[in-house]
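Shown below is the structure under consideration.
Residue numbers begin at 1 in each chain, while the letters A, B, ... track the order of the sequences.
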Number of protein chains: 4
Amino acid sequence: MDTLPDPKEQLAEARRQQILLGAARVFAEKGFHKATTRDIARAAGVSEGTIYNYFENKRDLLTAMVDQVAMDSLRQLFEAHPDDDLRQLLPALMHDRARLAMEHGLLLVPLLAEVFADEDLRQHLYRQIVLPNARRLEEYLQHQIEAGRVRPIDPVIVTRALIGALVSNMLIKLSHLDERYDRLSLDDLFQQLSTIFLDGLLAS
Amino acid sequence: MDTLPDPKEQLAEARRQQILLGAARVFAEKGFHKATTRDIARAAGVSEGTIYNYFENKRDLLTAMVDQVAMDSLRQLFEAHPDDDLRQLLPALMHDRARLAMEHGLLLVPLLAEVFADEDLRQHLYRQIVLPNARRLEEYLQHQIEAGRVRPIDPVIVTRALIGALVSNMLIKLSHLDERYDRLSLDDLFQQLSTIFLDGLLAS
Amino acid sequence: MDTLPDPKEQLAEARRQQILLGAARVFAEKGFHKATTRDIARAAGVSEGTIYNYFENKRDLLTAMVDQVAMDSLRQLFEAHPDDDLRQLLPALMHDRARLAMEHGLLLVPLLAEVFADEDLRQHLYRQIVLPNARRLEEYLQHQIEAGRVRPIDPVIVTRALIGALVSNMLIKLSHLDERYDRLSLDDLFQQLSTIFLDGLLAS
Amino acid sequence: MDTLPDPKEQLAEARRQQILLGAARVFAEKGFHKATTRDIARAAGVSEGTIYNYFENKRDLLTAMVDQVAMDSLRQLFEAHPDDDLRQLLPALMHDRARLAMEHGLLLVPLLAEVFADEDLRQHLYRQIVLPNARRLEEYLQHQIEAGRVRPIDPVIVTRALIGALVSNMLIKLSHLDERYDRLSLDDLFQQLSTIFLDGLLAS
DNA sequence: CATGAATGAGAATTCATTCAT
DNA sequence: CATGAATGAATTCTCATTCAT
């Protein structure tokens, strides 16, 4: 229904994906700057020139990746858990985002690197990925607050706090920066994070 | 007791700082990769060659900066708030880390960029800065848990969650990524973050 | 009599002209080197590949243009002014060559550029265009000298002097290099150039 | 008197000349576009990087050459022949310009090529070289016209006609485009050109 | 130690040309 | 013949690092 599968366009899209995948692999291994277009071409199984038939320049590969990840939004999640309370939603949400992180593998790390290094890319990522997804959670929280089921805390801050808490823990786990995380299952991690955010630290 | 102020060494140390400061300024403005040694030399008021009398290479400037930041540890904070409960400690801790971020200004952003891009630097930063500071909080939390004042939640996870929540919010605020943060004082931000972590989201 | 209009060949010739025209337009606008085959294909309304069905390579387009211009020779002019004396012939000749320049527009400039840059092309142009046309004037001058109506000056030198004088003035006028030429009609220009060559500078 | 010979600056100027000379040699041999920076570096006996310490980019080498040639102006000539009439001045002037052409050798040809190809360079050359030199001759002619020794013909046109006549003949001779020029001495060439411009073609 | 000119490896990008469809 | 995606050689320019002065 979206687009008729014009065979030509389909082929082009496949090529795009092929190149993007190759680039992702090389970026994940060497980081953006140390990845040469030669590396990328080789990894994607095309010639260097072909890359430029599908992307403006090397940086454009990054931007395209951001948009790629952005496609995979939270919409389905919220539709699948319409009226759940936070106790069910929060772990599910973490699982979903974690699944995304695992799918895109360590590509996330070099992507983040460039996001920090590049003002424009940072804005691009924030607007394309963070904001649209965050907004759903914000709205959900707002409803819960109005229903009296959640403390009156700024949903914007909560959302970013959640993202930060999740990302930092995932990063440490995936990068094997701290061996204590190697003995910790993702389920346990999400469970504990959920508890923190739901019930707070203080013993009641 | 540490080092007698050998006048020669003092001069050298001053020079080091001078270069580091210049580098920090340029990194903050252009990011690590777009900062040329020429820029740095100019900003520091020395010649390019002189940089290499004090630092191995350009990347070493980054490493040195990490160590610089690391010096400024949490030690004093915990000594100043020995027996405080979390309600006092948490906002103070955030203020302290935020002060650090403001002091080093947006240098943090390019620093983070390279931290993500560079495996070794990532480990270096984690071990030199994150771990030592985190450990103090972990220990503190452990004591509080044992004393029954805090829920039995893994202090390691809590600590990283706190760091992530704080860093993500600060980053958005300092980078002006989201205009809603422009109307939010740091005090309010810290207050809300503290509440989230202390009391949780759920209405009691 | 030359070639029977074989409909197939006619179509091919039309295509050739179509491509050549597109190339001329692009060359005139961007110069030879900055004109890409893609530009040319687009301007000619064909695909890049098609260009290579009609021309060996990009440079061949230039050579073909030279020959194109060469077709338009002075023959008719001399046939139309058989017995005129130099006083009539010279301005007519300048007009004719100027008309040619205007017709081919500023294509001449990038063409000249490559002529200077490319030894082979330079010879090609000299032999295909300059020599055949110049020879007619040389012969005419030779007759006039033998008839005592023109000073005994080397017709070869005179001819090149005339060409140079005409081309340099036209170039400055067409390229708007000198605003004083903007207030000068072509007629006046040719009149003055003719006077110089006919009567010389010295007051008699 | 112009500049105190600062030894450092002198060295730098020598380097500049060294690079310019190398570039001139390569340009003369291969033309501007086919000359690689590698070629130029090798010909100049420096590394590629060094070129860029003295010139903005490859094209800047051309611009610098234009200015170099421009230095060598007609001033001395007019000062040496203050009150001469055209009969002496014209051949002297041609000799002088021809000497210049010989000195800079066939560098002129690739220079001209780029002048035709590059709008900006064309203006640069016209203003830096042609205009200043032409103006002296124009003024001289104006005086002679007012004194009644030269016909009242636009000095601007005459000057460009002279330049064109000289350049075209020289180019053919130096490029060996026409074997008839191989049997013609420069002196004879200049003598005939002078006669044409002074006395005109028509037998008196 | 300070200097900054010289170095040259390295990399992104372009584009004429080919060729399978 | 027409197409245009794929190719990859070729080239300019940058910049971290060295080292003679």
Side-chain angles (χ1 to χ4, degrees), chain A residues 7-8 11-12 14-16 18-19 33-42 44-61, chain B residues 8 11-12 15 19 32-42 44-61, chain C residues 8 11-12 15 19 32-42 44-61, chain D residues 7-8 11-12 15 18-19 33-42 44-61:
Chain A
K8 209 142 194 184
L11 216 73
R15 232 348 115 78
R16 251 184 82 91
Q18 175 189 359
I19 294 170
H33 278 100
K34 285 175 197 151
T36 68
T37 50
R38 186 176 199 159
D39 293 333
I40 296 168
R42 206 168 285 171
V46 299
S47 73
E48 284 189 66
T50 299
I51 296 174
Y52 290 87
N53 286 337
Y54 293 87
F55 298 92
E56 285 289 312
N57 49 42
K58 191 182 158 191
R59 225 209 65 165
D60 196 28
L61 289 166
Chain B
K8 209 156 194 178
L11 213 72
R15 207 26 89 82
I19 294 171
F32 180 71
H33 277 100
K34 287 177 194 150
T36 69
T37 49
R38 187 177 204 159
D39 292 333
I40 296 168
R42 206 168 285 171
V46 299
S47 74
E48 285 188 67
T50 300
I51 296 174
Y52 289 84
N53 288 332
Y54 294 87
F55 299 92
E56 282 291 313
N57 49 41
K58 190 182 160 191
R59 225 208 63 165
D60 196 27
L61 288 165
Chain C
K8 209 157 194 177
L11 214 73
R15 208 26 91 81
I19 294 171
F32 179 71
H33 277 100
K34 286 176 197 153
T36 67
T37 49
R38 185 176 205 160
D39 292 333
I40 297 168
R42 205 168 287 172
V46 299
S47 75
E48 285 188 68
T50 300
I51 296 173
Y52 289 85
N53 287 333
Y54 295 87
F55 299 92
E56 282 291 310
N57 49 40
K58 190 182 161 191
R59 227 208 62 167
D60 196 27
L61 288 166
Chain D
K8 208 138 192 189
L11 218 72
R15 232 347 113 80
Q18 175 188 356
I19 294 170
H33 277 101
K34 287 176 197 151
T36 68
T37 51
R38 187 176 199 161
D39 293 333
I40 296 168
R42 206 168 285 170
V46 298
S47 73
E48 284 190 66
T50 299
I51 296 174
Y52 290 86
N53 287 336
Y54 292 87
F55 299 91
E56 286 288 313
N57 49 41
K58 191 182 159 192
R59 226 208 65 165
D60 196 27
L61 288 166

Exercise for review: Let me know the distance between NZ of C:K34 and P of E:dC15, rounded to the nearest Å.
Suggested key: 11 Å

Exercise for review: Figure out the NE2/C1' separation between A:H33 and E:dG10, and round it to whole Å.
Suggested key: 14 Å

Revision key, fill the gap. Distance col, row D:L61:CG vs D:E56:CD, nearest 0.5 angstrom, shows 11.0 Å

Exercise for review: For C:N57 and E:dC15, give me the distance from atom CG to atom C1', rounded to whole Å.
Suggested key: 14 Å

Check your understanding: So how far is it from D:K58 NZ to D:T36 OG1, rounded to the nearest 0.5 Å?
Key -> 7.5 Å

Review point. Tell me, which stems hold DNA chain E, with a stem being 3 or more Watson-Crick or G-U pairs in a row and both distances under 3.5 Å?
Key: E:2-21 with F:2-21

Check your understanding: Does CZ in B:R59 sit with more than 12 non-hydrogen atoms of other residues, nucleotides or ligands closer than 6.0 Å?
Key -> yes

Practice item. Taking atom types as modelled, find out whether D:T50 and D:N53 have a side-chain donor-acceptor pair closer than 3.5 angstrom. Key: no

Point to revise | Interatomic spacing from CZ in A:R16 to CG in A:L11 - rounded to 0.5 Å | key: 14.0 Å

Study note, to complete from the structure: Note: for D:T37 and B:R38 on DNA chain F, the residue whose nearest nucleotide lies more 5' is D:T37

Exercise for review: Work out which heavy atom in D:A44 is nearest to a heavy atom in D:I19; give both atom names and the distance.
Suggested key: CB-CA, 3.7 Å

Exercise for review: Measure from CZ on A:F55 to P on E:dA12 and round the result to the nearest Å.
Suggested key: 16 Å

Practice item. Rounded to the nearest angstrom, tell me the gap between atom CG in C:L11 and atom P in F:dA2. Key: 9 Å

Point to revise | Within residues 46-54 of chain B, residues whose heavy atoms come under 4.0 Å of DNA chain F | key: B:E48, B:Y52

Exercise for review: To the nearest 0.5 angstrom, please state how far the OH atom of D:Y52 sits from the CG atom of D:D60.
Suggested key: 10.0 Å

Exercise for review: Please round to the nearest 0.5 Å and tell me the distance separating atom CZ of C:R38 and atom CD1 of C:I51.
Suggested key: 12.0 Å

Check your understanding: Which whole-number value in Å describes the distance from C:E56 CD to E:dT18 P?
Key -> 9 Å

Exercise for review: Select from A:K58 and B:R15 the residue whose nearest nucleotide in DNA chain E is closer to the 5' end of that strand.
Suggested key: B:R15

**Study point:** Whole-Å distance separating the CZ atom of A:R42 from the P atom of F:dG8
**Key:** 11 Å

Practice item. For A:T36, report the nucleic acid contact type (base, sugar-phosphate, nothing); a contact means any heavy atom under 4.0 Å. Key: sugar-phosphate

Check your understanding: Rounding to a whole Å, what distance do you find between B:I19:CD1 and E:dA2:P?
Key -> 8 Å

Check your understanding: Which atom names give the shortest non-hydrogen contact between A:Q18 and A:V46, and what distance separates them?
Key -> NE2-CG1, 3.7 Å

Exercise for review: Would you mind telling me which residue lines up with the more 5' stretch of DNA chain F, B:A35 or C:G45, judged by nearest nucleotide?
Suggested key: C:G45

